[in-house]
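Sequence positions, counted from 1, serve as the residue numbers for this chain. Quick note: numbers below take in every heavy atom, side chains included, and nothing from hydrogens, waters or symmetry partners. Just follow the structure's listing: the first ligand is 1, and inside any ligand the first atom is 1.
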Amino acid sequence: MTAGSGQVYVVTGGCGFLGSHLVRMLLEHEKNISEIRVFDLHLDESLRSLSNNRVRVRLISGDISHLDDVREALHGSHLVIHTASLVDVWGRVPASKINEVNVTGTENVLQACKEEGVQYLVYTSSMEVVGPNIHGDHFYRGNEETEYRIYHKEPYPLSKAKAEKLVLEANGTKMKGGKMLYTCSLRPTGIYGEGHELMKKFHRQGLRTGRCMFRAIPPAIEHGRVYVGNVAWMHLLAARQLQIHPSTLGGQVYFCYDSSPYKSYEDFNMEFLSACGFKMIGSRPLVPYFLLYLLALLNTLLQWVLHRFFIYAPILNPYTLAVASTTFTVQTDKAEKHFGYRPLYAWEEAKKRTITWIKSLEVREKDLKDVGAKGNYCCN
Ligand SMILES: NC(=O)C1=CN([C@@H]2O[C@H](COP(=O)(O)OP(=O)(O)OC[C@H]3O[C@@H](n4cnc5c(N)ncnc54)[C@H](O)[C@@H]3O)[C@@H](O)[C@H]2O)C=CC1
Ligand SMILES: C[C@@H](CO)CCC[C@@H](C)[C@H]1CC[C@H]2[C@@H]3[C@H](O)CC4=CC(=O)CC[C@]4(C)[C@H]3CC[C@]12C
């Protein structure tokens, strides 16, 4: 296929953790495309060099909450994978901003699809549109049909739920020229893998405490996790099959899953960190839940007191504690049944890749320290 004869895909948020894996996945495994438009507020110029003689990677700087930016990016495209989002459960950004990006941004993508005649939209939703809720209702090995007491108060899950509803309701919309808009929504559980910012934070925290991690969550609390490469693979397959079987995938939601083991959030992270010399202190939580909750409340108070001076957004707050302390795991094969999804990466491969990446962080940290030390020496 010569460049230019294939389809044009748009990946919103394509410079992010999932987005950048998705761009690479499309380049490697999607033969029907000639251009990938990477639409993002913060461009990663390194993605531009991924262009090859078959597929052009075109970086487009823009704000998803500005309709004109989105309309321009989608003009002449064939399909949109919409992953752009403000992923914040720590109070880093105001609720209004989260809503502006995650809900208004999604409205803009849908509006632009209709105006530009883009027929296919795959939306990156989240497990959070379901739960866990803050009442501690466990979601144990659930699927897309499992009844659950959904209760949202936090801006992020609220925004993802509103956006997903808009996307699903838009499925089947008639567009100019008699074309139809087809949409589907993918719900990843906690994504891990190369480039995961939160893992970097846990790693840095552990380095500061002599590679010791202190258990805070009971080991019996399972949290669903899925490798970023498999999430990207599922998006690619959903995008491909939505075009071939729109009546099957259109208007559907799919949890993203693979063979990653069911473990507590902390124990799952230790699958990687223990290979880097870290150890978990305590076979059960070192402090009682009420003390953790008081600490979480104190963090919220400090965030409020300090917010005029700087953004204090520690990992632990009442919401993240509630989520971490409530089982949420999925067991489903809906994506396999509907569009033949099977994980591209087995657990052992996903684990190996993630460990290799974490070890590369250590090399980088050491190099920075060495440069710092040399730098200090030179300045003495
Ligand atoms: N990280 C996780 O564990 C999970 C993430 N998700 C979803 O996956 C998607 C990707 O998440 P991550 O890769 O983790 O986040 P990320 O923060 O690494 O990537 C999001 C991207 O969106 C871009 N973006 C933010 N605001 C924008 C705006 N106004 N205009 C244009 N681009 C904008 C950011 O620059 C970033 O590149 C999101 O939709 C998120 O809700 C779902 C489940 C779990
Ligand atoms: C109590 C702490 C001591 O170690 C552990 C804190 C862990 C939490 C920061 C994480 C536990 C569960 C995570 C969330 C979950 O994976 C679902 C998510 C889906 C998304 O769409 C975005 C991220 C997140 C909300 C994720 C955020 C971090 C946790 C709360």
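At the top of the distance list for atom 43 (C) of ligand 1, counting protein heavy atoms only, stands Pro188 O, 3.4 Å. Looking at atom 8 (O) of ligand 1, its nearest protein heavy atom turns out to be Thr124 CG2, 3.3 Å.
When all heavy atoms are compared, the tightest approach of Val228 to Glu194 is CG1-OE1, 4.1 Å.
Checking only distances, Ile191 does come within under 3.5 Å of ligand 1, N or O to N or O. For a threshold of 3.5 Å applied to N or O pairs, the pair formed by Lys160 and ligand 1 contains at least one separation below that value. An N or O contact shorter than 3.5 Å is missing between Ser65 and ligand 1 by distance. Not one N or O of Gly190 is nearer than 3.5 Å to an N or O of ligand 1, by distance alone. Not one N or O of Val87 is nearer than 3.5 Å to an N or O of ligand 1, by distance alone. Below 3.5 Å of separation, one finds an N or O of Gly16 facing an N or O of ligand 1. Ligand 2 has an N or O atom lying under 3.5 Å from an N or O atom of Glu266, backbone or side chain.
Taking only non-hydrogen atoms, the option from Ser125, Gly195, Ser85, Ala163 nearest to atom 6 (N) of ligand 1 is Ser125. Relative to atom 35 (O) of ligand 1, the option among Val38, Leu41, Asp40 with the closest non-hydrogen atom is Asp40. Among Val101, Val226, Asp88, the residue whose heavy atom lies nearest to atom 26 (N) of ligand 1 is Val101. Closest heavy-atom approach to atom 28 (C) of ligand 2 among the candidates Ile221, Leu198, Thr320: Leu198. For atom 18 (O) of ligand 1, the candidate residues are Tyr123, Tyr192, Phe39, Phe17; the nearest heavy-atom contact is made by Phe17.
Using a 3.5 Å distance cut-off with no hydrogens or angles, the side chains of Glu115 and Gln111 do pair a donor with an acceptor. A donor-acceptor contact closer than 3.5 angstrom links the side chains of Gln243 and His78. No hydrogens or angles considered: a donor-acceptor pair under 3.5 Å links the side chains of His338 and Tyr254. With no hydrogens or angles considered, a side-chain donor-acceptor pair links Thr106 and His82 at under 3.5 Å. No hydrogens or angles considered: nothing links the side chains of Tyr151 and Asp137 as a donor-acceptor pair under 3.5 Å.
The distance from ligand 1 to the heavy atoms of Asp63 drops below 4.0 Å at these ligand atoms: 28 (C), 29 (N), 30 (N). Taking a cut-off of under 4.0 Å to the non-hydrogen atoms of Val87, the atoms of ligand 2 that pass are 22 (C). In summary, the atoms of ligand 2 found under 4.0 Å from a heavy atom of Ile315, numbered by their order in the structure, are 9 (C). Proximity to Leu316 (heavy-atom distance under 4.0 Å) selects the following atoms of ligand 2: 1 (C). Remark: ligand 1 atoms within the under-4.0 Å shell around heavy atoms of Gly62 are 30 (N), 31 (C). Less than 4.0 angstrom separates some heavy atom of Tyr156 from each of these atoms of ligand 1: 40 (C), 41 (O). For ligand 1, the atoms sitting less than 4.0 Å from at least one non-hydrogen atom of Thr189 are 43 (C), 44 (C), numbered in the order shown with element in parentheses. Ligand-side atoms of ligand 2 in range of Met127: 17 (C), range being under 4.0 angstrom from any heavy atom. Listed by atom number, the atoms of ligand 2 under 4.0 Å from Val323 heavy atoms are 12 (C). Within the listing of ligand 2, atoms 19 (C), 20 (C), 21 (O) sit less than 4.0 angstrom from a heavy atom of Ser126.
Side chain of Gln7 to main chain of Ile33: no donor-acceptor pair is present (N/O by atom type, distance under 3.5 Å, no hydrogens or angles). Using a distance-only test at 3.5 Å, with no hydrogens or angles considered, a donor-acceptor pair links the side chain of Asn52 to the main chain of Val55. Not one N or O on the side chain of Asn99 forms a donor-acceptor pair closer than 3.5 Å with the backbone of Val103. Side-chain atoms of Thr12 come within 3.5 Å of backbone atoms of Ala84 as a donor-acceptor pair (strictly under, hydrogens ignored). Judged purely by atom type and a 3.5 angstrom limit, Asn108 uses its side chain to pair as donor or acceptor with the backbone of Ile64. A donor-acceptor pair is defined here as one N or O able to donate and one able to accept, closer than 3.5 Å; no such pair exists between the side chain of Asn102 and the backbone of Ser159.
Contacts between His223 and ligand 2, counted as non-hydrogen atom pairs separated by less than 4.0 Å, involve the side chain only. At a 4.0 Å heavy-atom cut-off, ligand 2 does not touch Leu292 at all. The proximity of Tyr156 to ligand 2, defined as any non-hydrogen pair under 4.0 Å, is limited to the side chain. When non-hydrogen atoms are compared, ligand 1 lies under 4.0 Å from the backbone of Ile64 as well as from its side chain. At a heavy-atom distance under 4.0 Å, no atom of Phe214 approaches ligand 2. With a 4.0 Å heavy-atom cut-off, ligand 1 is reached by no atom of Met127. When heavy-atom distances to ligand 2 are checked against a 4.0 Å cut-off, Lys160 has no atom that comes that close, whether in backbone or side chain.
In this structure, Arg141 is positioned above the aromatic face of Tyr262, its NZ or CZ under 6.0 Å from the six-membered ring centre and within 45° of the axis. Cation-pi contact between Lys263 and Phe268: absent, since separation from the ring centre below 6.0 Å together with deviation from the ring axis within 45° is not met. Remark: Arg225 qualifies as a cation-pi partner of Tyr265 under the 6.0 Å distance and 45° angle criteria applied to the six-membered ring.
The aromatic rings of Trp304 and His307 sit tilted, their planes meeting at an angle between 30° and 60°.
A distance of 6.0 Å or more separates the ring centres of Phe272 and His203.
Taking a distance limit of 4.0 Å, we find that atom 9 (C) of ligand 2 is approached by some protein heavy atom.
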